[in-house]
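Worth saying up front: this structure is predicted, and the values here are computed from it rather than measured. Within every chain, numbering begins at 1; the chains are lettered A, B, ... in the order of the sequence lines, protein sequences first and strands thereafter.
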Amino acid sequence: MVEEITSMREDFAQWYTDIVKKTELIDYSSVRGCMILRPYGYAIWENIQRELNKMFVASGHENVYMPMFIPESLLRKEKEHVEGFAPEVAWVTHGGDEELTEKLCVRPTSETLFCEHYANIIHSYRDLPKLYNQWCSVVRWEKTTRPFLRTLEFLWQEGHTAHADADEAQEETLRMLDTYAGFCEKVLSIPVIRGRKSDKEKFAGAKATYSVESLMHDGKALQSATSHNFGDGFARAFGIQYTDKENKLQYVHQTSWGMSTRIIGAIIMVHGDDSGLVLPPAVAPIQTVVIPVSMHKEGVLSRAESLKAELAEKYRTVIDKSDKQPGWKFSEYEMKGVPIRIEIGPRDIEKGEAVLVRRDNGEKIQIKLDEISEKTGLILNEIQSGLYKKALKLREDKTYIAADPESFKKILEETPGFVKAMWCGNPECEAAIKESTGATSRCIPFEQEELSDKCIYCGGRARKMVYWAKAY
RNA sequence: CGGGGUGUGGCUCAGUUUGGCUAGAGUGCUUGGUUCGGGACCAAGAGGUCGCCUGUUCGAAUCAGGUCACCCCGACCA
């Protein structure tokens, strides 16, 4: 047990803050609401980036880079979009001492830039589809901020695609949602609910928004990624037209989809425990750490070094040769969520063994040195899938069904989590539920269940089962 | 943006109520030594314009006004 980290039960918010600081994921900067991603935190993002990018490339997407500034007139081209984002954009009004004739906003998202560009480069059905993605940072002037979960500037990727027709755009929207779901579940070991957002929760300017939703340890939900179908709304606003095979002018149908550094907050809050971080091996900056014990003794350090070199061929491995106590090191790497720790000291070397310790369950295993590389791989896989199962169980344990407003409210107050309940589809009921319970509709899941035929709030005819929760 | 809280060596905090000598402790850091299988020990040392600004006062970490930042709860949002 690490003393410096507040226990989850005692104060979840403080636990979270302790973790991000003490494990050196971030530091605060002198700019309000902006965080410094330290090497350990940034390495997680780089791993996420690498894995996710592979998936994008595999499905035919190309990376581009757009400017970070958007002229005011361009931002204003699509009405709903600007209304959605205007309250939280940062404006550049001066270049040096000179006032700009048109102010520029720092991109809060890049739909408008992509649209303008697409209008210029798409002319024929032969130019379609356009499957672009960009990795960048965006700025949203949030009122309150929290590391990873909400910062003024954050890193993300935003995919923007243009298609010949509505069906293809819808297919792309769902394919990318599925990509995110697979990424969360396989790479991050985070189970997600796939579904559609209600109109109230929809992206500004979208025809339909889909999301993958995950559940944190404290029973609050976190939108882990979104995928939007824009229909031809943006195309009409920006004049993105092409000539089809029949020589007729058509508007393109577009999508956009994104995942941000916020997902690191989910990794922390889904897998972490009172000893600190627990990182899924696929994105852990350090997969195994070799800790020499009694390293001043003859032969220990050199054996530990050669073990490290062997492991490093296959896994992200470090050796800690600092003169700290072994016990200190054990705690340190536990706190940092390193999946596997390997202790090697005189006793082990004599027997031709080492001690392998799993972060996920604390199990200590004596392993023959000549088998250790292979076993490490197997155990990393076990941890990867074990974390998923554990998280899934947690989510299932915290998923409830409510049949009436009173029990709905009671569940959210006493045992926070996902609440499944029927909804008539009326935004007023949705707003009223939020007002009385603080919970929002997280999504209308693809996997529907017929819990009842009455809306949880008004008792009218129910149309959909919805996942509700308090959310980050 | 509303409500609450906090700013004092790197970190955690005491001191502020009731203004008063050279601002303390633990931990961390540096050096030397002894240790080393779950956060070691001894010794010596370095490190602070008390968030910032203005005021009150003979005198401000302490009082007043302002301001900035962070944390928590809410509203808004990825």
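A donor atom on one side chain and an acceptor atom on the other are not found under 3.5 Å apart for A/Y132 and A/N63. Side chains of A/S110 and A/Q134: a donor-acceptor N/O pair is present below 3.5 angstrom, by distance only.
Across the C1' atoms, B/U62 and B/A44 are found 34 Å apart, a figure rounded to whole Å. Nucleotides B/U16 and B/A23 place their C1' atoms 12 Å apart, quoted to the nearest Å. Here the separation of B/G59 from B/C41, taken at their C1' atoms, is 45 Å to the nearest Å. Remark: the separation of the C1' atoms in B/C63 and B/C76 is 38 Å, to the nearest Å. Between B/C21 and B/G5, the two C1' atoms lie 34 Å apart (nearest whole Å). The gap from the P atom of B/G7 to that of B/G15 amounts to 10 Å, rounded to the nearest Å. Remark: the separation of the C1' atoms in B/A60 and B/G55 is 11 Å, to the nearest Å. For the P atoms, the distance from B/U17 to B/G65 is 15 Å, rounded to whole Å.
Counting non-hydrogen atoms under 4.0 angstrom, A/F154 reaches a base of the nucleic acid. Using a 4.0 Å heavy-atom distance criterion, A/D323 is classed as making no nucleic acid contact. A/L149 comes within 4.0 angstrom of a nucleotide base, judged by non-hydrogen atoms across all strands. No contact: A/P292 has no heavy atom under 4.0 Å from any strand. The residue A/V138 sits apart from the nucleic acid: no heavy atom pair falls under 4.0 Å. Using a 4.0 Å heavy-atom distance criterion, A/Y28 is classed as a sugar-phosphate-only contact. Among the heavy atoms of the strands, none lies under 4.0 Å from A/S322. Across all strands shown, A/G33 has heavy atoms under 4.0 Å from sugar-phosphate atoms exclusively, and none from any base. Contacts of A/T17 with the nucleic acid, taken as non-hydrogen atoms under 4.0 Å apart, involve only primed sugar atoms and P, OP1 or OP2.
Base pairing in RNA chain B yields stems of at least 3 consecutive Watson-Crick or G-U pairs, both distances under 3.5 Å, namely B:1-7 with B:68-74, B:10-13 with B:24-27, B:29-34 with B:40-45, B:51-55 with B:63-67.
Ranking B/G38, B/A78, B/C71 by closeness to the A/Q14 side chain, first place goes to B/C71. Nearest to the side-chain atoms of A/H296 among the listed nucleotides B/C36, B/A75, B/C72 stands B/C36. Of the candidates B/G38, B/C71, B/G37, the closest approach to any side-chain atom of A/V357 belongs to B/G38. Listed nucleotides: B/C76, B/G39, B/C71. Nearest to the side chain of A/E142: B/C76. Proximity note for A/R341 (side chain, C-beta onward) versus B/G38, B/C71, B/G37: the nearest is B/G38.
Per the geometry, CZ belonging to A/R32 stands 10 Å off P belonging to B/C71, to the nearest Å. Atom CD1 of A/I342 is separated from atom C1' of B/G37 by 15 Å (rounded to the nearest Å). The distance between atom CD of A/E332 and atom P of B/G38, rounded to the nearest whole Å, is 17 Å. For the pair A/W328 CH2 and B/C41 P, the computed distance is 15 Å after rounding to whole Å. Summarising the geometry, the separation between CD on A/Q325 and P on B/G28 is reported as 11 Å, rounded to the nearest angstrom. Atom pair A/L301:CG and B/C36:C1' shows a separation of 13 Å (rounding to whole Å applied). Taking atom NZ of A/K143 as the reference point, atom P of B/C70 lies 16 Å away to the nearest angstrom. Atom P of nucleotide B/G28 and atom NZ of A/K324 are separated by 9 Å, given to the nearest angstrom.
The aromatic ring centroids of A/W156 and A/F154 lie less than 6.0 Å from each other. In summary, the aromatic rings of A/F56 and A/W257 are positioned with their centroids under 6.0 Å apart. Taking the centre of each ring, A/F85 and A/F203 come in below the 6.0 Å mark. Between A/F234 and A/F114, the ring center distance fails the sub-6.0 Å criterion.
Under a cut-off of 6.0 angstrom, the local environment of NZ in A/K200 is crowded, with over 12 non-hydrogen atoms contributed by other residues, nucleotides or ligands. Within a 6.0 Å sphere centred on CD of A/E435, heavy atoms belonging to other residues, nucleotides or ligands number 12 at most.
One can find a donor-acceptor pair under 3.5 Å joining the base of B/A75 and the side-chain atoms of A/T144. Counting atom types as modelled, A/K364 pairs a side-chain N or O with a base atom of B/G38 as donor and acceptor under 3.5 Å.
Considering only side-chain N and O atoms, A/Y472 lies nowhere under 4.0 angstrom from the phosphate OP1 or OP2 of B/C77. At the phosphate of B/C77, neither OP1 nor OP2 sits under 4.0 Å from any side-chain N or O atom of A/R262. For the pair A/K434 and B/C76, the criterion of a side-chain N or O lying under 4.0 Å from OP1 or OP2 is met.
A salt bridge is defined here as a Lys NZ or Arg NE, NH1 or NH2 lying under 4.0 Å from an Asp or Glu carboxylate O, and A/E353 with A/K368 meets this definition.
Two residues, A/F85 and A/P346, neighbour RNA chain B, and the one matched to the more 5' nucleotide by heavy-atom proximity is A/P346. Ranked by how close their nearest RNA chain B nucleotide is to the 5' end, A/A13 and A/Q223 are led by A/A13.
No side-chain donor-acceptor contact under 3.5 Å links A/K329 to the backbone of A/Y333.
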